[in-house]
Every structure is written in structure tokens, then in C-alpha cells.
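All residue numbers in this chain count up from 1 along the given sequence.
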Amino acid sequence: MSGTTEINVLYFARLRDKIGLEGEAIALSDEVGTVGDLFALLQNRSDAHASALADDVSIRAAVDQQHADMETPLSGAREVAFFPPMTGG
């Protein structure tokens, strides 16, 4: 990435409820290169974000609708979604 880019961040289930948003556009600097970097940025965005994203071990991510881990690069990505683990029944 070069300079500042913008990415759409989506929140699902309890994350959406705790943060109070379905999604938001986030400006990314060059220092935010991976999903983990974005996650850390979001944790510091507000008290609601910090509370919702406190359990960083169980929260899952997708980049452009493909499952991703915290090391997944954001270069060229348009959307990142965060969601709690899903259970089957």
C-alpha cells in the first residue's frame, strides 16, 4: 500500500451489537499492512470497539469474503469482515 487508503470494515453478530455499527470505512496508513494491524487499530478506536474486540483469540476475519488470519496482507483488499466463531447445530 502507498500513502493512505480506505477499506470497508464489517462487523457481524455480537461484534455489531457491541460496537453499534454494521460497518465503517477506515483510512489505513502504510503501517497497517495486515489483518492483525487493522484489528489492533480498531481495538483502540473507541471503548465500544475495545470491548467488542477484546477476545482477539476467538474472533474470525475475512478479507474480500475469503477466510483470513491475522497475518493476511491487506494490500489490494476492499473489505474486511470480523465475526465471532460460528457453531453448528
Side-chain angles (χ1 to χ4, degrees):
M1 286 187 278
S2 170
T4 302
T5 59
E6 192 169 270
I7 195 163
N8 289 318
V9 178
L10 304 176
Y11 307 107
F12 290 93
R14 68 176 169 79
L15 303 180
R16 177 188 60 227
D17 296 340
K18 282 187 161 187
I19 294 170
L21 298 170
E22 290 183 11
E24 57 188 322
I26 303 291
L28 301 180
S29 66
D30 286 337
E31 291 79 35
V32 182
T34 66
V35 171
D37 295 338
L38 174 61
F39 193 84
L41 175 78
L42 294 170
Q43 285 178 310
N44 293 304
R45 194 159 171 85
S46 73
D47 289 343
H49 286 80
S51 175
L53 302 172
D55 187 10
D56 60 345
V57 175
S58 69
I59 294 173
R60 303 294 180 244
V63 174
D64 292 334
Q65 301 181 4
Q66 299 293 317
H67 284 279
D69 61 29
M70 292 297 173
E71 299 302 316
T72 301
L74 294 177
S75 181
R78 302 179 89 174
E79 175 186 277
V80 176
F82 291 104
F83 49 93
M86 296 184 233
T87 59

Decide if atom CD of Q65 counts as having more than 12 heavy atoms of other residues, nucleotides or ligands within a radius under 6.0 Å.
-> no
Quick one: CD on E31 to CG on L38, what's the gap to the nearest 0.5 Å?
-> 13.5 Å
Spell out, as yes or no, whether a donor-acceptor pair under 3.5 Å connects the side chain of T72 to the backbone of D69.
-> yes
Distance col, row F83:CZ vs L10:CG, nearest 0.5 angstrom, shows 11.0 Å
Distance in Å, N44 CG paired with F39 CZ, rounded so as to fall on 0.5 Å steps = 11.0 Å
Would you say R60 has more than 12 foreign heavy atoms packed within less than 6.0 Å of its CZ?
-> yes
Looking only at heavy atoms, the pair that brings D64 and G76 closest together is OD2-O, 4.1 Å
From CG (D55) to CD1 (I59), nearest 0.5 Å | 6.0 Å
Gap between atom CG of L15 and atom CG of L42 - 0.5 Å precision = 10.5 Å
By salt bridge (Lys or Arg N to Asp or Glu O under 4.0 Å), which residues pair with E24, not counting sequence neighbours?
-> R45
Looking at CG of L53 and NZ of K18, how far apart are the two atoms once the value is rounded to the nearest 0.5 Å?
-> 9.0 Å
How close do V35 and A61 get, heavy atom to heavy atom, and via which atoms?
-> CG1-CB, 3.8 Å
Do the rings of H49 and Y11 sit parallel, tilted or perpendicular, given the 30° and 60° boundaries?
-> perpendicular
Could you tell me whether the side chain of L28 reaches within less than 4.5 Å of the side chain of L41, counting heavy atoms only?
-> yes
For A13 and P84, which heavy atoms make the closest approach, and how far apart are they?
-> CB-CG, 3.7 Å
Output, in order, the C-alpha distance, side-chain angles, deciding distance and verdict of side-chain contact (heavy atoms from CB on, under 4.5 Å) for V9 and L21.
-> CA-CA 10 Å; V9 178; L21 298 170; over 6 Å; no
